[in-house]
Amino acid sequence: MLEIKNLNSGYAKVSVLRNVTFHVNQDETVAIIGPNGAGKSTLLKTISGLVRAQSGDITFENNNILGLSPDLVVRRGLAYVPEGGRIFPNMTVLDNLLMGAYSNPGILKSGILEEIFTLFPILKNRSEKFARTLSGGERQMLAIGRGLVSRPKLIMLDEPSLGVAPKLIDEIYEKIHALKRFGLTVLLVEQNTGYALELADRGYVIENGQIVMEGAATDLSTSEHIKKFYLGL
Amino acid sequence: MLKVADLTKKFGNLIAVNCASFEVNRGEIIGLIGPNGAGKTTLFNAISGLYKPEGGTITFKGMNITGWLPHKICKLGMSRTFQVTRAFTHMTVEDTVRVGAYNRYNEKNVQEKVDQVVKICDLTDIRKRVCSDLGLASLRKVELARALATEPEMLLLDEAGAGLNATELETFMNLIKKLNQENKITFCVVEHVMQMVMGLCQQIVVLDSGEIIASGTPNQISTNARVIEAYLGKRAVHVRD
Amino acid sequence: MIHTVSQGIITGILMGAIYALIALGLSIVFGIMNVTNFAHGDFVMLSMYLSYAVGSALAWDAVATPLITAPLLFIFGFITYYLLIDRTLRQMYVVQLAVTVGLQILLRSLALIVWQAQPRALQYSIIQGNIQIAGFEILTSRLISAIISLIFIAGLAYFLNKTWAGRAMRAASDDLDAASLMGVNYHKTYALTFAIGSSITALAGGLLMSFQQTDPVGGVRFGLLSWAVLALAGLGSLPGLIVAGIIVGVVESLTVSFFDPRSRLLGVYAIFILVLWLRPRGLFGRR
Amino acid sequence: MNFKKYFNQQNTFILIGLVIALVIPQAFKSSQYVMLLITTVLLYAILASAWNIIGGMAGQLDLAAAAYLGLGAFTTGTLLIQWNITPWVGMFLGGLIAMGLAILIGFPLFGFKVKELWYAISSSALVVVLQSLFMMWNEVGGPTEKYLPSGSSPWYSLRFNTYVPYYYIMVTILVVVILINRWIRYSKLGYSLLALGEDEDAVEVLGVNSQLSKLKALAIYAFICGVVGGLYACIYGYVHPAFFDTSMSMEITILGIVGGMGFIYGPAMAAIVMVSFREFLRASLGSQLAGLYLAVYAIILIVVALFQPRGIAPLFERGLKKIQTYFAELKRGHKADA
């Protein structure tokens, strides 16, 4: 469904990603794990068009999406929930969700909001509140909900456990698990290796901008390298 | 050397740091860890004078420096680096270091100090380059160098290891160790790269949601149940389906 | 004494509503795009001249001229955005300053070329005259202008809150990257914002021409006034903008009636500086 | 003394510049109009160079040059008119008064960390405010021009029939201002200013008192503007509140930016090129439509700012380097031939 080949990317003078190749199949949950600064976020930003790739190929459903601006990428059905959620703090929760339908307002008629409210009941209770008043966990749920409004085919989640109180991480991951039932393909980037591998079908390990390992999630979580450096076992 | 007692910093209703207390002894390298948003950087900003704390006291070298302006704290012997490198983009490496060196030197002997710091931090090759042309690893070194040029007795490093690759990290850690042993500089580092924290620090303080939840040696910390739950996250998920 | 004060306050409130309208144009451009348009005051000046041109050519009343000048300024804002502002967004802040200040000099010299240095005023206004209420004199033109301003501000608030374009503007203002992830093309949103900001000055210019004259350097005054209103209001609160506009209007009007007509900007400057010192986020601002 | 040591490229340029500066009045003496233009160009060059200290180096976008200039002019003018005190004294008093006001305003502004946009607006407003104040103050200002007496000795009252002496005084001041620029740039203050122009927090934790540094820069800048203001009054022979001119302030800021922020010679160079060009436009277009020359000029300023955002000074530097390498290669070529 999503295929990345020999991707090189980075910022002005710093090259962050080197020759990254991987793919995500339909209805799969894929986790990308790695230490802070390894280039995980840059990878997702490049796919979503926020960062311009230096070379390589990105195809989504057999269409080349490399070099498209973010607003065009999202219209193809590829939603990106950025690191930290990046909700609109000075808009209400409802307005935040509505923004998710910006590229296709007609979708609201399909009852998507109700579905999201069923998934995240807390958002319904707070729909008239300003998003800045939400807690870290609620913001993350809002961000995920906002990404879902456009009924994307693939959703990319960037560190959903970041800045969320530990007891809420469980809840967030439960929701992400529920996304699978939504018929969604999920690409997950996490530093919190334990959670990510528990949830994912397959995983990739990225270090210093390069993919150093890949395999089924169960295999990865039993690998010595992962145990030693990521799980601290 | 540095003593933080009951430090509290609020932003509106949000309590970023809540009654934090810890102590750093002379000559130590102390690590400050915790999840994102735990208040580590806020704590640093309060200690270095960029924020005025709402409560508590900060004592440095026996002086109460709570609410002092940053440049005065620096004069007293404490400097810092920033999480996101905040290089002086249009200045050369040498000029950047010079800004720090003027803290204790005047026009006559400032050049000596600059040369010395440039040499220690291994910046000789790039001393005439403009900061905006440099890569992350060099920028981190430049930032350390300019803080070092102020001749601090204590240095606060904010995520100095983030984004460095293994070799770069190794070089950087060796530099810090050397400065600690030879120049007798006390370090307090906020760090995410566990490799760096474990390899460098004698003491570790763990911060979560603005509160200090544990402190001790690296071994004590890595086996502390509360720390594991809040930060290290070893525990596997239990997804109910 | 009390009568003079009250009269001053009433005049000030009416002027204040128009100042709020002028500042609104600046506020949406600054608040949403984070662009500082130093030429904003000169946009007002240009609008007033255009209003004069339209009004005298068609023998229209000043209040009606925005029907023509507002679309003109809308197009002008659109072109200005793509020609100049869009190119400054990813550049250093000083470039934006240099470009908008250059634009200011350009607008001023254009006014000089077309209308020479003489002040111009429209003669006919159906809303001349005044009403007497409880012994206070209220100029009809100002009253109507104030009411139109308030209605327009309310309309814009509705636009920002309830339409897709308005929502996109607020989202872009909060977090540009996140907005583009929602499918917002920020160039288009910014162009629309800047064009709306410009056409607001056309409306304000028309209203102002119903009771005052214009000259090529008049822009400075409106520029300062709107920045003062903005500093006082802070960003992001439309009711705050109205209150701030009224405070500035009242202060100006009281300085004029008690001190000296030539000192009208002194009081405004004083509160402007005080606000910068004591409450940099403005009285009602959240940012 | 080693002659060769002083005969480097830079000093050669300076020498050539000085010779040209001395010769110019001899060449254009016959035309008062041209001399006035050249003096005006110099005035802008001085002000833009002074702006470089607060704007270019410290990054504070000050728009109040004309406020300090006007204060200097009124101080000098009033002292001469009312007490017959020579402008030589008046100029410096004017500079001091401008400096005093700058410190009075700058101290709290910098203390509260008002910067960028808001600093620019408040300084720009200062010009307007001083204008209306002097408009009201009839003893000193007022709506009509107050003429400076010619007095007995032109050198005492600084009132000449020709612009040549003004020219020489201006050149001297310009050289002094550029030297001050140089001296500041390579001193503790200069390095602190450049660094705080980029990141104020970062520079404070390096032990720099940013408020004090900015205040010093502002004071020096205001003083220079005030001194030149005194001369300005003498050249025009009157004082008027119109001296508090917002357009002029803005032009100086643009020249500083277009010249290249922080480059010592940049602003002066920009002023000489752009203001000469403006006056050329005025001479060739002015007769047809008032204001047309300004419109063309503004467009050119905008284009330069857009397409050369770091200013024209880096452009010159690059050109200079090319010439240098060209000559160096030429030399090498000669050696190879030999």
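Everything numeric here is computed off the predicted structure, so don't read it as measured data. Residue numbers begin at 1 in each chain, while the letters A, B, ... track the order of the sequences.
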Quiz item: Relative to chain C, which segment of A:L98 carries a heavy atom at a distance below 4.5 Å: side chain, backbone, both, or neither?
Solution: both
Practice problem: Select one option (side chain, backbone, both, neither) describing which atoms of A:A143 are under 4.5 Å from chain C's heavy atoms. | Solution: neither
Find the distance between [atom1] ([X]) and [atom2] ([Y]) and round it off to the nearest 0.5 Å.
{"X": "C:N161", "Y": "A:D95", "atom1": "CG", "atom2": "CG", "result": "7.0 Å"}
{"X": "C:R170", "Y": "A:T92", "atom1": "CZ", "atom2": "OG1", "result": "6.5 Å"}
{"X": "C:D174", "Y": "A:N96", "atom1": "CG", "atom2": "CG", "result": "8.0 Å"}

Quiz item: Under 3.5 Å, side chain of A:R75 to main-chain N/O of C:G183, donor-acceptor pair present?
Solution: yes
Quiz item: Which is it for C:M182 and A:V149 under the side chain to side chain contact (heavy atoms under 4.5 Å, CB included) test, yes or no, and what are the steps along the way?
Solution: CA-CA 10 Å; C:M182 301 297 111; A:V149 174; over 6 Å; no
Quiz prompt | Contact summary for C:A168 and A:Y102, nearest pair of heavy atoms | solution = CB-CE1, 3.4 Å
Quiz item: Taking all non-hydrogen atoms of both residues, which atom of C:A178 and which atom of A:R146 are closest, and how far apart?
Solution: CB-NH2, 4.2 Å
Self-check item: Any C:D177 side-chain heavy atom under 4.5 Å of A:P82 side chain
Solution: no
Exercise. Check whether any side-chain heavy atom of C:N185 sits under 4.5 Å from a side-chain heavy atom of A:S69, and report yes or no.
Key: no
Quiz item: Quick one: of A:P89, A:G100, A:S150, A:G85, who has the most non-hydrogen atom pairs under 4.5 Å with chain C?
Solution: A:P89
Over 12 non-hydrogen atoms of neighbours within 6.0 angstrom of [atom1] in [X]:
{"X": "A:N64", "atom1": "CG", "value": "yes"}
{"X": "C:Y82", "atom1": "OH", "value": "yes"}
{"X": "A:R126", "atom1": "CZ", "value": "no"}

